[in-house]
Amino acid sequence: EFEGRAQLLRVEPFEAFTKDTKNLVLTPIVIWKVSDPTLFLQRIRTEEGAQRPLRDLVTSYIAASIGKRNFSDVLSIKTTPEPLLPTTLRQAVDAETNQFGISVQEIQIVEFRLPVQNEQSIYERMRAERSRIANRYRSEGKEKADGIRAKADREAVEITSNAQKEGAEIRAKAEKFASEQYAKTYAQNPELYRLLRDLESIEASFQSGGHIILPLNERPFQTLFQNEKGR
């Protein structure tokens with residue numbers, strides 16, 4: 001009589017080599033059950049006897065699968081790394097065990113590690129690789145930042161230049177308009193125009209403070225004191 005329920009086989013740790021000849025220590029488990037009691041009795045006879053062929057098949061297929069991948073892919077730090085074992089591995093092992101009357105329902109790696117003698121050197125290589133990647137990211141970031149700053153500087157110079165150009169055009173238009181207004185005023189009333197210009201000159205002379213000595217009978221002060229005498 002055989003157990004009809006699924007059974008768990010924990011395979012002893014074994015070493016497997018990656019494509020770039022780095023070795024890993026893997027510990028798999030297998031969930032299996034007797035699917036054909038008659039065939040199982042003829043080929044295996046006992047449940048204990050099923051462990052060896054299961055162990056050999058599982059370690060062989062896992063080692064072949066790991067041998068197709070690089071060490072860096074197996075220990076990837078990607079957000080969504082690839083599964084350690086391909087989805088077709090269970091079906092492949094199950095096709096082999098069916099000849100013994102055994103159905104393999106699940107194969108998983110419950111532990112994998114580095115060989116003790118290789119851990120330090122591999123960790124150093126991993127740190128060096130991560131440092132190289134980090135330096136590359138920093139270099140790319142600095143290059144992009146320099147490009148952004150250079151672009152911003154060019155745009156600032158262009159904006160300043162355009163603003164100065166527009167300001168000069170506005171000032172030129174204002175001066176032209178003022179000259180035209182002065183010309184119109186002078187044409188309409190020359191005496192009033194001279195008076196306004198003299199007053200502007202007097203105001204400008206005293207804005208900075210201090211004293212100015214000029215003959216009173218000369219412009220622009222002549223206009224101011226003539227008005228004072230007339231009062």
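The figures that follow rest on heavy atoms only: side chains count, while hydrogens, waters and symmetry mates do not.
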Item to check | side chain to side chain contact (heavy atoms under 4.5 Å, CB included) partners of Arg138, counting only residues at least two apart | outcome: Ala134, Asn135
Item to check | All side chain to side chain contact (heavy atoms under 4.5 Å, CB included) counterparts of Ala64, not counting sequence neighbours | outcome: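 Listed in chain order: nothing, the list is empty.
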Starting at [atom1] of [X], measure out to [atom2] of [Y] and round the result to the nearest 0.5 Å.
{"X": "Glu166", "Y": "Ile159", "atom1": "CD", "atom2": "CD1", "answer": "11.0 Å"}
{"X": "Lys144", "Y": "Ile148", "atom1": "NZ", "atom2": "CD1", "answer": "8.5 Å"}
{"X": "Ser60", "Y": "Phe14", "atom1": "OG", "atom2": "CZ", "answer": "9.0 Å"}
{"X": "Thr88", "Y": "Asp94", "atom1": "OG1", "atom2": "CG", "answer": "12.5 Å"}
{"X": "Glu96", "Y": "Tyr61", "atom1": "CD", "atom2": "OH", "answer": "3.5 Å"}

Checklist entry - Are side-chain N/O atoms of Asp20 and Thr18 paired as donor and acceptor at under 3.5 Å? => result yes
Item to check | Glu106 and Gln108: side chain donor to acceptor below 3.5 Å | outcome: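 Looking only at side-chain atoms, Gln108 and Glu106 do form a donor-acceptor pair, the distance falling under 3.5 Å.
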Checklist entry - Quick one: which of Leu57, Val11, Ile62, Ile29 gives a side-chain contact (heavy atoms from CB on, under 4.5 Å) with Ile107? => result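 The residue from Leu57, Val11, Ile62, Ile29 that satisfies side-chain contact (heavy atoms from CB on, under 4.5 Å) with Ile107 turns out to be Ile62.
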Checklist entry - Only one of Leu54, Leu39, Val93, Val34 forms a side-chain contact (heavy atoms from CB on, under 4.5 Å) with Ile102, so which one is it? => result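 For Ile102, the side-chain contact (heavy atoms from CB on, under 4.5 Å) test succeeds with only one of Leu54, Leu39, Val93, Val34, which is Leu54.
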Is [X] reaching over with its side chain to a backbone N or O of [Y], donor-acceptor style, under 3.5 angstrom?
{"X": "Ser35", "Y": "Gly101", "result": "yes"}
{"X": "Asn23", "Y": "Glu15", "result": "no"}
{"X": "Asn70", "Y": "Ser72", "result": "no"}
{"X": "Glu140", "Y": "Tyr137", "result": "no"}
{"X": "Asp73", "Y": "Arg69", "result": "no"}

Next on the checklist: Is there a side chain to side chain contact (heavy atoms under 4.5 Å, CB included) between Leu8 and Trp32? Walk through the geometry before answering.
Outcome noted: CA-CA 7 Å; Leu8 173 67; Trp32 66 281; over 6 Å; no
Checklist entry - Between Arg5 and Lys33, does a side chain to side chain contact (heavy atoms under 4.5 Å, CB included) hold up when you go through it step by step? => result CA-CA 6 Å; Arg5 295 174 297 179; Lys33 64 182 297 185; over 6 Å; no
Item to check | Shared hydrophobic cluster, Ile44 / Leu41 (ILVMFWY, side-chain heavy atoms < 4.5 Å) | outcome: yes
Next on the checklist: I'd like to know whether Arg149 forms a salt bridge (Lys or Arg N to Asp or Glu O under 4.0 Å) with Asp153, so could you lay out the CA-CA distance, the side-chain angles of the two residues, the decisive distance to 0.1 Å, and finally the verdict.
Outcome noted: CA-CA 6 Å; Arg149 280 194 291 270; Asp153 290 341; over 6 Å; no
Checklist entry - Is it true that atom CD of Gln91 has more than 12 heavy atoms of other residues, nucleotides or ligands lying nearer than 6.0 Å? => result yes
Item to check | Arg136, CZ atom: more than 12 neighbouring heavy atoms under 6.0 Å | outcome: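 Above 12, so yes.
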Can you name the closest pair of heavy atoms from [X] and [Y] and give their distance?
{"X": "Glu12", "Y": "Pro28", "result": "O-CD, 4.4 Å"}
{"X": "Arg43", "Y": "Phe100", "result": "CB-CD2, 4.0 Å"}
{"X": "Phe112", "Y": "Leu26", "result": "CB-CD2, 3.1 Å"}
{"X": "Gln105", "Y": "Arg90", "result": "O-CD, 3.1 Å"}
{"X": "Leu114", "Y": "Val25", "result": "C-CG2, 4.4 Å"}
{"X": "Pro86", "Y": "Ser65", "result": "CD-OG, 2.9 Å"}

Checklist entry - Taking side chain as C-beta onward, heavy atoms only, is Arg10 less than 4.5 Å from Thr27? => result yes
Item to check | Worked verdict on Ile31 versus Val104 for side chain to side chain contact (heavy atoms under 4.5 Å, CB included) | outcome: CA-CA 6 Å; Ile31 299 176; Val104 174; over 6 Å; no
